[in-house]
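What you are looking at is a predicted structure, and each value in this text was computed from that prediction instead of being measured. Starting from 1, each residue takes its place in the sequence as its number.
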Amino acid sequence: MPDIRVLSVASEAVPLVKTGGLADVVGALPGALADEGVAVTTLLPGYPSVLKALGRARAVHTWPDLFGGPARLLAGKLGAHPLYVLEAPDLFTREGLPYADAAGKDWPDNWRRFCALGRAAADIAGGAVVVRGKAQRFDLLHAHDWQGAMAAAYTRYAPFGGAAVPSVVTVHNIAFQGRFEAAIFPETGLPSRAWHMQGVEYYGGFGMLKAGLFCADAITTVSPTYAREIRSPRFGMGLEGLIAERGSAVHGILNGIDGELWNPAHDASLAATYTARTLSRKTINKRALEAEFGLVEEDGPLFVAITRLTWQKGMDLLPEMADHLVAQGARLAVLGSGDADLEAQLRAVAARHPGRVAVRIGYDEALSHRLQAGGDAILIPSRFEPCGLTQLYGLAYGCVPVVARTGGLADTVIDANPAALAAGVATGIQFDGVDAQNVAAAIERTVALYGQKDDWQRLQKNGMKADFSWGASGRAYARLYKDLIG
């Protein structure tokens, strides 16, 4: 029997539904914690794609009226681990994206959809689900981002059966907060005492992430540096006062990656598998990537970018930087989507530099693997980055990260300064200040280092040997859970 039973509530998890790194983390947690004596059951919304993957599943609980309509709790598996899916047709069975319609416009009832998810999570954690006459109880509730955060609020203010279990809220990106008009409060089912600055009220409105951060017994972020950064106005996005007030309840636990899924030694999506010892085989992937993207074949550095095309990711600088990069004798392959103007600008850059710059709008998981395997360097000029996973994938694939010194990027990449190069520990290139001048200088540094073959190969091998698996992170979460349960 496991020592601890945890209910993890989130809006997405690989391989069932993914819009970003949140899904990777939520999908990996059950496996990361299993060796620590922690059994994780994941709760997800019943989007059409999730229900389709679940297939025929048994209902283990029903709500006659959950925020305007009937709902059922379906039991299944997330890999080898238990999964609950909240089937609520009025809320989740709709075409489009998890949080928006097909045109990208946020669903106006998102507050209702994710309050329902939080209410259901609090009920389940408190023992509402009865199987063969026995309540399925959990020792702790772990909620992720604003979409899951209301679970902590319902657990605190309206716990099922009157007894609240300890709760953790993980901030994957504090910029996304789930803010809505105050008029929704009477429909949330929370008691009137919750409507307070020391509660769910947030600058005169209703704050879902704020509610979770105030109500949770512990707060985690996805890197130690980000845990410090969000205490400041520059990174806290209006919540820095609350984060500072929570003090020692805030913990930075670095994300890990799935070393089986992201491993160039046996990645079936690659033109050629390779290891740190057979690094020369990476060139086969470079040639294949050049052909796939229509880039000229040459030995100069090939930069890649795999990202959301947004201001946060520093992608507004990429059109200008692409011109500079080409002037340095390098090439660029981009995979991403986001801001429509940025998409158009990048297409225009590709048209200006045929064979030197290529852009794919959208996201393709297998292609992201091929980009890491074929690229020499991955460009990540984020203005803020809670953790970041693409730099970890780059390290694993010998695709040298070129990153801004912020959040998890600062925690995971060792800059190739003279001292680190001399000591043989460097893994990438860091730079301060996300502006055109600093990004251009970082690109120039990268091109120069690429020309120093011994140093470059050492960077690649150092990154490939680094351990960013979930082992250490799993142990850190397990320790936190045990401390909270007491």
Side-chain angles (χ1 to χ4, degrees), residues 7-20 22-27 41-79 81-125 128-129 141-155 160 169 172 176-180 184 187-190 206 208-209 211-212 363:
L7 180 68
S8 173
V9 55
S11 57
E12 51 188 89
V14 295
L16 299 177
V17 58
K18 175 179 176 176
T19 68
L22 166 66
D24 294 286
V25 175
V26 175
T41 298
T42 305
L43 171 65
L44 294 176
Y47 309 121
S49 62
V50 174
L51 293 175
K52 182 179 179 180
L54 193 62
R56 297 180 64 182
R58 63 189 177 98
V60 295
H61 188 73
T62 60
W63 289 266
D65 185 357
L66 183 66
F67 283 83
R72 299 194 307 163
L73 187 68
L74 307 179
K77 289 285 187 179
L78 183 64
H81 305 282
L83 172 70
Y84 282 150
V85 173
L86 180 62
E87 183 190 44
D90 292 343
L91 301 174
F92 301 117
T93 308
R94 55 184 72 172
E95 296 303 318
L97 305 169
Y99 321 121
D101 60 23
K105 185 177 180 181
D106 285 353
W107 297 112
D109 63 342
N110 270 343
W111 71 268
R112 188 184 304 274
R113 300 169 79 218
F114 295 108
C115 277
L117 183 67
R119 175 70 270 178
D123 288 354
I124 297 163
V129 177
L141 175 71
H142 188 162
H144 299 267
D145 270 354
W146 71 267
Q147 298 94 336
M150 286 303 295
Y154 285 113
T155 294
F160 179 85
V169 169
H172 296 263
F176 302 109
Q177 300 183 0
R179 296 178 64 175
F180 299 94
I184 74 168
E187 298 186 62
T188 64
L190 290 168
F206 188 95
M208 294 176 76
L209 180 61
Y363 185 72

One should read off an interatomic distance between Y84 OH and L44 CG, to the nearest 0.5 angstrom, of 13.0 Å
Least distance between heavy atoms, A122 atom then A151 atom: CB-O, 4.0 Å
Least distance between heavy atoms, G46 atom then T93 atom: O-OG1, 4.1 Å
Would you call the rings of F114 and W146 parallel, tilted or perpendicular, taking 30° and 60° as the class edges? perpendicular
Are I124 and L73 packed together at the side-chain level, in the sense that at least one heavy-atom pair is separated by less than 4.5 angstrom? yes
Strictly distance-based, threshold 3.5 Å: is any side-chain N or O of R113 a donor or acceptor partner for the main-chain N or O of P98? yes
Over all atoms of both residues, closest heavy-atom pair of G27 and L78: CA-CD2, 4.3 Å
Which atom of P89 lies closest to which atom of P70, heavy atoms considered: CD-O, 3.8 Å
Do you know the tightest heavy-atom contact between A71 and A88? CB-CB, 4.0 Å
Going through the distances and angles, do L83 and L54 end up as a side chain to side chain contact (heavy atoms under 4.5 Å, CB included)? CA-CA 9 Å; L83 172 70; L54 193 62; 4.0 Å; yes
Residue pair F92 / W107, side-chain heavy-atom distance below 4.5 Å: no
May I have the step-by-step check of side chain to side chain contact (heavy atoms under 4.5 Å, CB included) for D145 and S11, ending in yes or no? CA-CA 9 Å; D145 270 354; S11 57; over 6 Å; no
Contacts satisfying side chain to side chain donor-acceptor pair (under 3.5 Å) that involve residues 43-68 (not counting sequence neighbours) are W63-D123
Rounded distance (nearest 0.5 Å) linking atom CG of D106 with atom OH of Y99: 10.5 Å
For the atom pair CE (M208) and CG (L117), what is the distance rounded to the nearest 0.5 Å? 8.5 Å
According to salt bridge (charged side-chain N to carboxylate O under 4.0 Å, His left out), does anything in residues 87-97 pair up with another residue at least two apart or in another chain? List the pairs. R72-E87, R94-D109
Between D101 and A103 (side chain of the first, backbone of the second, donor and acceptor by atom type, cut-off under 3.5 Å), is there such a pair? yes
Any chance you could measure E12, atom CD, to H144, atom NE2, to the nearest 0.5 Å? 11.0 Å
Can you name the closest pair of heavy atoms from T188 and C115 and give their distance? CG2-SG, 4.2 Å
CZ of F206 to CE of M150, rounded to nearest 0.5 Å, is 3.5 Å
Step by step, work out the side chain to side chain contact (heavy atoms under 4.5 Å, CB included) result for F176 and Q147. CA-CA 9 Å; F176 302 109; Q147 298 94 336; over 6 Å; no
Rounded to the nearest 0.5 Å, what separates atom OG1 in T42 from atom NZ in K77? 11.0 Å
Could you walk me through whether L86 and L91 pass the side chain to side chain contact (heavy atoms under 4.5 Å, CB included) check? CA-CA 10 Å; L86 180 62; L91 301 174; 5.8 Å; no
